[in-house]
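Structure first, then comments.
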Amino acid sequence: MKKYALAGLFAPLLFLVTYLTLSTLRPEYSHLTNAISELGDVDAPYKWWWNIFGYGLTGLLITLFALGLYRHIKGQNTSKIVLVSLALSGILMTFSGIFPGDFEERSSPTMLLHTVGSIGSFIAFMIAAFTLPIVLKKHYYWKKVTGPSLALAWLSILSGFLRSGDMPGLGQRLGFTFYFLWIAYLAIKALKAPLPGEPNAIENHSQQNSTNEL
């Protein structure tokens with residue numbers, strides 16, 4: 001599980017480093033008005049650097065982390081929903097890197113496919129984020145993660161209201177921030193988590209109550 005957790009930690013770092021590096025190389029780029037995907041626009045000077053590292057590899061790392069997380073929380077059908085949706089969020093992020101956005105021709109095929117990947121990745125994340133607490137509350141170690149993970153998911157949604165007005169880029173960046181904080185938080189917890197089969201790994205409420213009665 002440790003290597004999967006490290007993938008979850010490295011994904012936000014890779015995204016952040018790539019974003020800061022490439023946005024710095026473009027003095028005209030605005031963090032408040034430009035979309036993040038414009039770093040990988042079809043006419044952007046470093047588009048493949050962004051699409052490969054910013055979206056492509058980051059998405060694959062998220063998918064790898066989803067597989068590792070599933071190994072810790074598996075045991076019921078709901079956990080499969082978390083696996084599939086979180087893995088799909090990563091895959092669709094990679095997909096949006098394969099098809100760069102075209103912000104000058106928004107009806108172009110590549111822009112439409114890019115949009116499908118971007119929006120689909122967020123929707124899949126939402127499914128994972130709001131399904132995960134159902135699974136976590138039945139695990140002795142993981143149940144304490146429920147509150148913070150839900151808070152980050154809600155903040156990611158609420159940040160969308162800031163995407164209108166004169167600074168649409170601010171809301172998008174906050175949304176990405178809470179998305180990656182959610183992944184990083186779970187990855188940190190996964191690094192400290194007991195392996196399946198170890199004490200406190202998958203104890204549910206009834207097991208805990210039985211212990212208390214003894």
Side-chain angles (χ1 to χ4, degrees), residues 6-66 86 88-126 129 151-188:
L6 290 175
L9 279 176
F10 190 59
L13 290 175
L14 178 61
F15 185 92
L16 179 62
V17 170
T18 305
Y19 171 76
L20 292 177
T21 301
L22 296 184
S23 60
T24 300
L25 293 174
R26 294 180 56 182
E28 82 286 358
Y29 184 82
S30 171
H31 300 285
L32 298 179
T33 59
N34 289 112
I36 292 176
S37 290
E38 289 185 57
L39 291 172
D41 182 89
V42 291
D43 296 321
Y46 308 104
K47 62 181 180 181
W48 290 118
W49 286 98
W50 173 256
N51 289 319
I52 291 173
F53 293 99
Y55 282 149
L57 292 180
T58 299
L60 292 178
L61 287 171
I62 292 171
T63 301
L64 183 62
F65 172 63
L86 183 56
L88 185 60
S89 179
I91 291 171
L92 287 172
M93 182 177 289
T94 299
F95 181 84
S96 67
I98 296 174
F99 296 96
D102 187 348
F103 288 83
E104 293 297 325
E105 187 56 59
R106 294 177 181 268
S107 61
S108 64
T110 185
M111 184 62 179
L112 294 176
L113 289 171
H114 177 82
T115 303
V116 167
S118 298
I119 296 177
S121 177
F122 183 74
I123 292 175
F125 161 64
M126 286 290 100
L152 290 170
W154 275 112
L155 287 170
S156 182
I157 293 175
L158 294 174
S159 65
F161 291 102
L162 297 175
R163 298 187 67 170
S164 59
D166 297 330
M167 298 185 294
L170 176 61
Q172 185 192 31
R173 282 152 183 79
L174 287 175
F176 268 99
T177 297
F178 295 127
Y179 171 84
F180 282 114
L181 283 176
W182 185 88
I183 291 184
Y185 176 66
L186 288 177
I188 291 172

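These numbers were taken from a predicted model, which means no experiment stands behind them.
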Distance check, rounded to the nearest 0.5 Å: [X] atom [atom1] versus [Y] atom [atom2]?
| X | Y | atom1 | atom2 | result |
| --- | --- | --- | --- | --- |
| T177 | F15 | OG1 | CZ | 8.5 Å |
| L22 | Y29 | CG | OH | 9.5 Å |
| L152 | I183 | CG | CD1 | 11.0 Å |
| D102 | S37 | CG | OG | 12.0 Å |
| S159 | F178 | OG | CZ | 6.5 Å |
| T18 | Y46 | OG1 | OH | 14.0 Å |

Over 12 foreign heavy atoms within 6.0 Å of OH, Y185
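Result for OH/Y185: enclosed.
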
Under 6.0 Å from the CH2 atom of W48, do we count more than 12 heavy atoms belonging to anything else shown?
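Counting neighbours around CH2 of W48, more than 12 heavy atoms of other residues, nucleotides or ligands fall under 6.0 Å, so yes.
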
Could you go through S89 and M93, starting from their C-alpha distance and side-chain angles, then the distance that decides it, and tell me whether this counts as side chain to side chain contact (heavy atoms under 4.5 Å, CB included)?
CA-CA 6 Å; S89 179; M93 182 177 289; 5.6 Å; no

Between [X] and [Y], which heavy-atom pair has the shortest distance, and what is it?
| X | Y | answer |
| --- | --- | --- |
| I62 | A11 | CG1-CB, 3.9 Å |
| P12 | A184 | CG-CB, 4.2 Å |
| T63 | I91 | OG1-N, 3.3 Å |
| L64 | A7 | CD2-CB, 3.8 Å |
| I36 | F176 | CD1-CD1, 3.4 Å |
| Q172 | N34 | OE1-O, 4.4 Å |

Just wondering, do [Y] and [X] contact through their side chains at under 4.5 Å, heavy atoms?
| X | Y | answer |
| --- | --- | --- |
| W50 | P100 | no |
| M126 | Y179 | no |
| F53 | T58 | no |
| F65 | L186 | yes |
| M111 | F99 | no |

Using the ring-ring contact (aromatic ring centres under 6.0 Å, His included) rule, take F125 and W182 through it: C-alpha gap first, then chi angles, then the decisive distance, then the call.
CA-CA 10 Å; F125 161 64; W182 185 88; 5.1 Å; yes

Side-chain ([X]) to main-chain ([Y]) donor-acceptor, under 3.5 angstrom:
| X | Y | result |
| --- | --- | --- |
| S23 | L20 | yes |
| K47 | D41 | no |
| N51 | G40 | yes |

Salt bridge (Lys or Arg N to Asp or Glu O under 4.0 Å) partners of E28, counting only residues at least two apart
R26

Please step through side-chain hydrogen bond (donor to acceptor under 3.5 Å, both in side chains) for the pair H31 and Y19, ending with a clear verdict.
CA-CA 10 Å; H31 300 285; Y19 171 76; 2.4 Å; yes

